[in-house]
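As the structure is a prediction and not an experimental result, all values here were calculated from the model. For this chain, numbers begin at 1 and follow the sequence in order.
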Amino acid sequence: MRDYATRDPGKAVPHLYAVAESAYRGATLDTMLYPCSQQAVVVSGESGAGKSVAVKLLSEYLAWRATQQIDGIEAREVGKEVGRVLLLCRPALEAFGNSATAHNHNSSRFCKFISIGMVGGQFDAVSITTYLLERSRIVHHDPSTERNFHVFYWLLQAGQPVERGLLGDGAEPHDFAYLGGAQAAPVTAQERESAKEKLDELRTSLEAIGIPLDEQPRIFTLVVAVLHLGNISFEVDGSGSGSRIVDDRPLALAAHGLGVEAATLAKYLTKKPMADRASQRSSRASLEDGMTEDTLLKLFSPIEASRCRDSLAKALYGHLFAWLVRKMNAALAAVRPRPAEGTPKAFVGSPLHHSTRSSIAEGNSIGLLDIFGFESFAINSFEQLCINYANEQLHQLFVHTIFTNERAIHLAEGVPFPRLTLPDADAAIRAIAAKPVGVLWLLDSATRQPGSAESAFFITVNREAERTQVSEEARVLPLPKRLRVEDAFVISHFAGEVTYTAGGVSAPTWLDKNNSSLVHELHQTMLGSDAPLVQQLFLQGGFGANRRGSSLADVEDEGSQGAYSSPRLSETRFSFNEQSPPYGRGSFGSAKRLEVES
């Protein structure tokens with residue numbers, strides 16, 4: 001590392017450390033070669049290319065660099081501590097946000113942005129923001145090539161006796177539907193040994209973010225409850241119009257872990273109060289006639305009950321992940337310097353006395369963005385659309401930063417700049433997320449519509465493609481004759497055309513993957529939990545909370561994956577544009593090779 005800190009990064013051997021050093025100098029020095037400014041390093045690439053390792057190396061170098069005395073500045077102890085806590089956040093993020101896929105045994109199933117505020121060459125304010133957690137993986141994945149999030153397996157393979165007791169004696173992945181059931185791959189001896197080491201790292205990471213060992217079981221209890229939820233299955237009830245739970249044992253285990261009554265959980269997994277106005281008027285009249293409230297509930301079919309169960313599982317895990325990220329940011333903020341007593345108010349929040357989150361925006365910072373690369377596989381589904389939408393935003397940022405800023409520099413120095421027709425991703429961004437006919441909007445509308453079918457959503461998307469095909473900005477293309485309008489649609493992305501296909505008969509539908517809306521009564525049940533953590537997660541809100549539907553129009557709703565992702569990605573893009581950072585991009589052909597564009 002020292003070689004890169006003492007030499008010109010442009011003359012050193014190409015390495016991620018050189019990228020980190022350039023960003024560090026750009027944020028902390030003020031010379032002709034390195035004018036002091038906001039910095040950003042964007043790490044993207046295909047799955048398995050080494051993005052997570054790259055961000056780890058960048059973070060480690062910056063944490064080391066900020067504590068050195070090479071420039072004659074004595075490193076502050078608080079800066080060392082901020083760097084230490086930041087590095088210790090990684091095991092928890094990977095445990096709850098990474099999984100094994102067909103392309104990578106430790107694939108990040110979310111995007112993260114780390115913003116590092118710098119003062120006097122040292123770490124000051126650091127925050128972590130996450131995007132696009134693949135919540136559908138919690139309940140749906142192909143067990144022949146994919147796995148669920150790491151933490152589930154680590155608890156099964158190396159959990160302490162109390163934790164394994166919650167799972168059940170001798171429990172294995174094949175005992176849980178959310179881990180693949182009978183199709184789950186058997187655990188090897190090497191995996192068990194690795195799980196013990198990883199679980200120890202996770203416990204250390206949780207301690208570093210303010211969750212002591214004696215409080216960690218409440219987190220793992222919730223994780224186990226999610227697994228038991230997945231084992232709750234439904235069949236048609238005696239009336240033939242509703243559903244009932246097949247086996248009460250997983251229901252009891254899930255209810256115990258969530259701190260709620262099993263009867264209440266069963267009730268609102270299989271039915272809900274009638275919501276439309278006509279039903280409500282009828283309900284009031286019926287109650288006056290002596291009927292009970294239980295007779296005025298809408299009965300769920302077994303399929304609807306399964307979707308309700310899955311929505312609760314995704315809400316629980318998603319809330320837990322968001323809560324952990326908030327704990328990380330709180331731990332990072334706790335070790336920041338505070339204004340000394342008697343400091344004039346005018347200086348509070350200045351570069352010397354940061355005390356609010358806005359200090360990152362006010363001073364120079366280094367941003368590290370770890371994001372999925374563009375994906376186009378033989379079969380592309382909802383996950384690929386979300387990932388490629390994120391990359392359209394990133395591509396637009398790249399074009400704006402590189403070409404627009406370069407043109408401004410040429411003109412300011414009186415150097416001629418050629419007229420260029422620049423690629424513009426706005427058309428694709430609008431086609432995916434614009435109101436009211438963007439693909440995500442149409443999917444969200446179909447998700448909220450009772451009885452809506454996946455095929456109807458695909459037909460609507462293709463009908464919109466026909467309507468706009470004469471426009472030069474059309475990005476949803478007419479479907480090739482070999483494909484059916486109810487099975488696929490095609491989007492022209494900056495990197496090429498991608499055909500997105502329906503889930504099929506046995507695979508989960510796009511509506512299933514998008515849906516995270518939670519029955520209001522289940523949300524209220526969680527608020528009344530005897531488990532303080534469950535109460536806290538649902539009190540703090542988030543996706544699927546206290547809603548019967550979802551819409552991209554309502555950012556606070558977040559009742560669907562699309563609604564959760566779209567506004568936050570746009571927020572990051574515009575934040576980058578306002579800061580006008582230099583742009584660094586890592587392109588990985590393999591974990592052993594790195595090409596750097598700057």
Calculate, to the nearest 0.5 Å, the distance between atoms [atom1] and [atom2] belonging to [X] and [Y] respectively.
| X | Y | atom1 | atom2 | result |
| --- | --- | --- | --- | --- |
| I232 | F234 | CD1 | CZ | 6.0 Å |
| M526 | Y268 | CE | OH | 11.5 Å |
| L133 | C386 | CG | SG | 11.5 Å |
| E464 | I459 | CD | CD1 | 14.5 Å |
| N106 | N104 | CG | CG | 6.0 Å |
| N148 | H140 | CG | NE2 | 11.0 Å |

Do [X] and [Y] have side-chain heavy atoms sitting under 4.5 Å apart?
| X | Y | answer |
| --- | --- | --- |
| V399 | F494 | no |
| I209 | C89 | yes |
| E497 | L477 | yes |
| L179 | L227 | yes |
| F96 | V223 | yes |
| Y389 | L394 | no |
| L369 | V43 | no |
| V19 | Y61 | no |

Does any donor atom in the side chain of [X] or [Y] lie under 3.5 Å from an acceptor atom in the other side chain?
| X | Y | result |
| --- | --- | --- |
| S107 | R109 | yes |
| Q183 | S144 | no |
| T129 | K112 | no |
| S243 | T270 | no |
| T509 | D512 | yes |
| H493 | E392 | yes |
| Y178 | D310 | yes |
| Q38 | S365 | yes |
| D487 | Y500 | no |
| Q39 | S37 | yes |

Start with the C-alpha distance between F152 and F176, add both sets of side-chain angles, then the distance that settles ring pair (Phe, Tyr, Trp, His ring centres under 6.0 Å), and finish with yes or no.
CA-CA 10 Å; F152 294 117; F176 297 96; 9.0 Å; no
Taking the six-membered ring for Trp, are the ring centroids of [X] and [Y] within less than 6.0 Å of each other?
| X | Y | result |
| --- | --- | --- |
| Y317 | F149 | yes |
| F110 | F321 | yes |
| F489 | W510 | yes |
| H103 | F377 | yes |

Take D370 and C111 through the test side chain to side chain contact (heavy atoms under 4.5 Å, CB included) and record every step on the way to the result.
CA-CA 6 Å; D370 176 5; C111 306; over 6 Å; no
Partner set under side chain to side chain contact (heavy atoms under 4.5 Å, CB included) for I379, not counting sequence neighbours:
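Per chain and number, I379 pairs via side chain to side chain contact (heavy atoms under 4.5 Å, CB included) with T501.
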Report the C-alpha distance between L16 and V53 in whole Å, list the side-chain angles of each, state the deciding distance to 0.1 Å, and finish with yes or no for side chain to side chain contact (heavy atoms under 4.5 Å, CB included).
CA-CA 10 Å; L16 281 168; V53 174; over 6 Å; no
Atom NE2 of H105 with >12 non-hydrogen neighbours under 6.0 angstrom:
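Result for NE2/H105: open.
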If you count heavy atoms of other groups shown closer than 6.0 angstrom to CZ of R407, is the number above 12?
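For R407, atom CZ is not crowded (no more than 12 foreign heavy atoms under 6.0 Å).
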Least distance between heavy atoms, [X] atom then [Y] atom:
| X | Y | answer |
| --- | --- | --- |
| L518 | A315 | CD2-CB, 4.2 Å |
| I138 | K314 | CD1-CA, 4.1 Å |
| Q396 | I429 | CB-CD1, 4.3 Å |
| P436 | L442 | O-CD2, 4.0 Å |
| V126 | N329 | O-OD1, 4.4 Å |
| A177 | G230 | CB-O, 3.4 Å |

Quick one: does any side-chain atom of [X] pair with a main-chain N or O of [Y] as donor and acceptor, under 3.5 Å?
| X | Y | result |
| --- | --- | --- |
| N514 | T447 | no |
| N462 | A488 | yes |
| N515 | L511 | no |
| H523 | V519 | no |
| Q384 | S381 | yes |

Run the salt bridge (charged side-chain N to carboxylate O under 4.0 Å, His left out) check on E134 and R137 step by step: do they pass?
CA-CA 6 Å; E134 191 183 349; R137 178 171 295 269; 3.4 Å; yes
State plainly whether the residues E60 and R90 are in salt-bridge range, i.e. N to O under 4.0 Å.
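So E60 does not pair with R90 through a salt bridge.
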Aromatic Y153 / basic R147 pairing, under 6.0 angstrom, 45° off normal:
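That pair qualifies as a cation-pi contact.
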Let's go through L222 and L316 carefully: what are the C-alpha distance in whole Å and the side-chain angles of both, what is the deciding distance for side chain to side chain contact (heavy atoms under 4.5 Å, CB included) to 0.1 Å, and is it a yes or a no?
CA-CA 8 Å; L222 184 55; L316 286 164; 3.8 Å; yes
Passes side chain to side chain donor-acceptor pair (under 3.5 Å), S108 versus E94? Steps please.
CA-CA 7 Å; S108 296; E94 290 191 359; over 6 Å; no
Kindly determine whether T145 and D142 satisfy side chain to side chain contact (heavy atoms under 4.5 Å, CB included), including the steps that lead there.
CA-CA 6 Å; T145 57; D142 181 358; 3.7 Å; yes
